[in-house]
Amino acid sequence: MRSIIEYLKEIFNGVLSLLRGMRVTAGYFFRPSEIVTQKYPNNRKDLVMFERFKGEVVMPHNESNEHKCTGCGICEINCPNGTIEVISKTIVTEDGKKKRAIDRHIYRLGMCTFCALCVKTCPSNALAFSQKFEHAVFDRASLIKQLNKPGSQLMKGVE
Amino acid sequence: MRFDFIASYVSAFTGPWWKFLYDFSLLTTPVHEWLNGSVSPFWTTVIEMVVVGVVFLLFYAVVGLFLVYAERKVCAFIQNRLGPNRIGPYGIFQTIADLVKLLFKEIIPIKNADSLLFNIAPYIVIIVNFMALAAIPYANGLHAIDFNIGIFYILAVSSMSVVGVLLAGWSSNSKYSLIGAMRSGAQIVSYELSIGLALITIVILSGTMQLSEIVEAQRTGWFIFKGHIPAIIAFIIYVISSTAEINRGPFDMAEAESELTAGYHTEYSGIKFAFFYLAEYINMFIVASIAATMFLGGWMPFHIGNLEGFNMVMDFIPPFIWYIGKTFFIIWIIMLFKWTFPRLRIDQLLTLEWKYLLPINLVNILVMSFLVLKGWHF
Amino acid sequence: MEEKVEIIATDEKQEFIVNMGPQHPSTHGVLRLVVSLQGETVKNIQPHIGYIHRGIEKMCESITYPQIIHLTDRMDYLSAHQNNESVCLLVEKALEVDIPDRIKVIRTIMSELSRLQSHQLFWATFGMDLGGQTCYFYGLRDREMILDIFEETTGGRMIVSYNCPGGLMYDIHPNFQKRVKDFIKYFRKKLPEYDTILTGNVIFRERTSGIGPLTLQDAISYGITGPSARASGLSCDVRKHEPYSAYDKVKFNEVLFSEGDTYHRYMARNDEMRQSMNTIEQLIDNIPEGPYAVKMKPVIKLPEGEYFQRVETARGELGLFVISDGNKNPYRVKFRSPNFVNLGVLNHLAKGFKIADLIAIAGSLDFVIPDMDR
């Protein structure tokens, strides 16, 4: 007799635990206000990424097309996998001195691991992260970017 | 040619035109009589079969696609997601887009597969579905075949789908498929018993196996209320074991995706995969329909004894709406099962059947017989 | 084909060999298990690894110490903070740098958040392995909040790269404390739901309790660490035995069970989530003022010698062994990764159980495949 009671008790407790679980899921079913997913491509306009989000490395330029990169190559040395390549040139300044300046700052987005060592170690804060995250392209070659804009110059006062 | 049936339509339209909704024989009888009068009885049968066949094909596709959409929406809402929402308002055309995609997909021939059986298997599953669908009473007078052994026929036919599953698993020359098919075989063979016994409980109460009479007998109250305790137990057992019979979670061992990738239909692609997929959902619709018919009164509105006013209001809702509402309520419960519970193991599945459901079921039948003998039901 | 049939027929063992992986929904990555079956019963398992081998240890020999951080991020990506911490602690120990309390406290909070999100993902995937797919979405929903906290402070969601030798890459974001407190308040409400859906469920209990028991002796001899070993009663928490960062200042319990079956491996992680929340709550209001990084030399060179550092990741003990020859690059690096060692016990545990149990046991050991292969 006792075993029969235990048998029924077992069934009752089992069914009860199942019903409790169903109450939770059915509760969510009837509360669509708790939906957490977003309609992504539709909400592009008001989608704000965090300010520190590591989208891609950029070189900020000011209005007169000037950047802070001196072409020292520290970012290239610190980059763990050769994502950055700094091609420098020698220019003659107004007072006749020879000086190293940047020709092209090549950044291979396809290789970048977003470790932020380049941005952190740059002595003149020339590099930064942008919040852009839609990196898909049709051609792999377009992932190789030149960070300094054509015709840009070193900002005055940055050594 | 005589055009009497048009006259009857006209008279129908001059009267309250929505009468069809309450008794479909008003629509079908004139057509039948007109056909009988214009062509020979043989051609009458042929034409009627073709019409019914086309209607069922359309019904099959619409219900199948809608259920796939409904399941995706239900599980999305349970999981705090939005679900499909791109194609059409609220994504209602998503499954149609999926179907078009599946139609265009390449059907990959499997090396060393038994190609005859491999190709036949999805059709067996589909044919079985159609055979079961034919015997279900959808509304007052909307009933393709009304056997005097209707429920017995549906049970017999629906257990044949395991043949398709076994063939699919065996012929596709894949180990996952084989394990899935064997599990499915063991599962369906044991759960057939529970389904049968749970339905026999109701057959004892109703005293008939003819589905139209079973529905008619529930005019004064649904069987789940008439048969009270044993009927409720039978209902619970039926819902559990029918979930197992149609291979849905938490009993989806045959296609347990975390163990066997996709079980018996791992190797199928394109439209053949779609057949299995649709058949799974139509199976769910069939078992829900039977549950609605046997326990919840089928298309019969909700009546309480002698409350004339209340019964009138309930009668105003068309029978087809009642039927669809009950069926979808049960489908919703079955979906909630799948999206709440973890999967059982194969031996636990059999333990549940043989140690719990079957003994309870047998005792339940005894209780129900006693109840009917003593007349203690409502 | 004729030949094939004959081989199977003459096989004395009558074993049915099923390949699980490298592309299989339940292996959590590219793990390949060659499973010998008899009926549904598992007879033998041969794990094959190496599908995501990137040679991290060898790569470390050619890069500098700060650069190693971005590789350890990618080993056990669910415990990225702890992995990074091991490198930083080792370098700081070797150079005998004093680390201010602020850095220690922030590192501890980040490690515990990392553990918390790892265990949330464990809960989610374990539920899915057993067939309860809704668990996966509930787990991810709550994990998203921790990832947002990470993203706001570190700029990365999984690959955080937040630690660096000598401190942290950036200071914490002004919103950090508020967000963490909000999260803990939220998650304390959601955790009972986890228990209702999965822990208390009779099907879940049946599926897990008594499955794949690991005795204390076996746990020691197989070298199991982490929650999987603590479920067998092996006290092996590095945070307790060799406290690093701020773990000596906080009070938390080492979750210990004695049964060691799948259910208790699950419960060990479930309870660790509560312990992690307690730890974070003790620290979050008491972050001392101070610098977020110590000034280090531009080129870090470790003195000649051998160094070893242990940390407790979400999956067990991570040991980092470095031989330095005085250069800016390490001479040899060896990671003792918990997942690789824990994989060794799978055959021992799952033998004699069903296929479905194999999935449950593998799920309860909580593998991260890139950490096995490195």
Side-chain angles (χ1 to χ4, degrees), chain A residues 9-29 31 34-38 47-57 72-84 111-123 128-133, chain C residues 59-60 62-64 66-74 84 132 134-135 137-138 140-142 144-145 147-157 159-162 164 168-175 179 190 192-206 293 298-299 328:
Chain A
K9 215 176 185 178
E10 200 181 324
I11 293 173
F12 180 75
N13 286 336
V15 171
L16 202 67
S17 78
L18 297 179
L19 288 178
R20 279 201 203 104
M22 278 168 74
R23 198 177 63 189
V24 173
T25 45
Y28 280 114
F29 178 79
R31 275 174 301 172
E34 291 195 27
I35 285 175
V36 288
T37 48
Q38 302 169 358
L47 191 67
V48 183
M49 302 303 288
F50 293 112
E51 53 187 306
R52 289 183 187 174
F53 177 70
K54 293 187 262 193
E56 63 176 320
V57 176
C72 64
I74 286 181
C75 51
E76 192 181 345
I77 295 168
N78 270 294
C79 184
N81 57 353
T83 301
I84 292 174
M111 282 170 73
C112 185
T113 56
F114 305 102
C115 64
L117 284 174
C118 53
V119 176
K120 195 173 151 62
T121 53
C122 181
F129 275 113
S130 82
Q131 271 76 45
K132 193 185 161 219
F133 60 93
Chain C
M59 275 153 83
C60 288
S62 59
I63 55 178
T64 62
Q67 289 174 351
I68 291 178
I69 301 290
H70 95 290
L71 288 177
T72 49
D73 264 341
R74 286 159 174 80
N84 295 345
T134 302
C135 304
F137 290 92
Y138 290 172
L140 284 195
R141 175 194 67 197
D142 300 337
E144 199 71 2
M145 296 188 75
L147 294 187
D148 277 349
I149 294 170
F150 283 171
E151 194 182 350
E152 194 172 41
T153 290
T154 72
R157 293 170 74 78
I159 310 296
V160 283
S161 296
Y162 187 51
C164 66
L168 308 164
M169 291 289 267
Y170 331 94
D171 205 354
I172 50 169
H173 195 272
N175 286 345
R179 264 183 188 270
K190 292 291 176 188
E193 245 174 43
Y194 284 26
D195 289 340
T196 323
I197 295 176
L198 209 57
T199 319
N201 192 308
V202 63
I203 302 174
F204 175 78
R205 288 282 178 103
E206 287 291 316
V299 178
K328 62 174 183 176

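All values below come from the heavy atoms of this structure, side chains included, with hydrogens, waters and symmetry mates left out. Quick note on labels: first sequence line is chain A, next is B, and so on, each numbered from 1. Quick caveat: nothing in here was measured; it's all calculated off a predicted structure.
- Atom SG of A:C115 sits about 6.5 Å away from atom CE of C:M169, to the nearest 0.5 Å.
- In terms of non-hydrogen atom pairs under 4.5 Å with chain C, the most contact-rich of A:V36, A:V15, A:T37, A:L16 is A:V36.
- To the nearest 0.5 Å, the span separating CZ on A:F50 from CD on C:E151 amounts to 5.5 Å.
- By number of non-hydrogen pairs under 4.5 angstrom with chain A, the leading residue of C:K190, C:E206, C:R205, C:R157 is C:K190.
- The side-chain heavy atoms of A:L117 and C:Q67, taken from C-beta on, include a pair separated by under 4.5 Å.
- In terms of heavy-atom pairs under 4.5 angstrom with chain C, the leader among A:G14, A:G55, A:P80 is A:P80.
- A donor-acceptor contact shorter than 3.5 Å links the side chain of C:R74 to the backbone of A:T113.
- Residues A:K120 and C:C164 come closest through the heavy atom pair CE-SG, 4.3 Å.
- Listed here is the closest heavy atom pair of C:S161 and A:K54: CB-NZ, 4.0 Å.
- Of the inter-residue distances, the one linking A:F29 atom CZ with C:T134 atom OG1 reads 12.0 Å to the nearest 0.5 angstrom.
- With chain A as the partner, the residue from C:L71, C:T64, C:D148 showing the most heavy-atom pairs under 4.5 Å is C:D148.
- When each of A:F114, A:F53, A:Y28, A:F129 is scored by its heavy-atom pairs under 4.5 Å with chain C, the top score falls to A:Y28.
- Under a 3.5 Å cut-off, the side chain of A:R52 and the backbone N or O of C:T153 do form a donor-acceptor pair.
- For a residue to count as touching a neighbouring chain, one of its non-hydrogen atoms must lie under 4.5 Å from one of that chain's; by this rule A:M49 touches chain C with the side chain only.
- Here C:N201 is the residue among C:N201, C:I63, C:I203, C:I69 with the most heavy-atom pairs under 4.5 Å with chain A.
- Contacts of A:E10 with chain C are absent, with no heavy-atom separation under 4.5 Å from either backbone or side chain.
- Ranked by heavy-atom pairs shorter than 4.5 Å toward chain C, the options A:V24, A:I77, A:N13, A:I74 are led by A:V24.
- Note: C:H173 leads C:E144, C:M59, C:H173 in heavy-atom pairs under 4.5 Å with chain A.
- Atom CZ of A:R23 is surrounded by 12 or fewer heavy atoms from other residues, nucleotides or ligands within 6.0 Å.
- Only the side chain of C:Y138 comes within contact range of chain A, with at least one heavy atom under 4.5 Å from a heavy atom of that chain.
- In terms of heavy-atom proximity, A:S17 sits nearest to C:G200 at CB-O, 3.4 Å.
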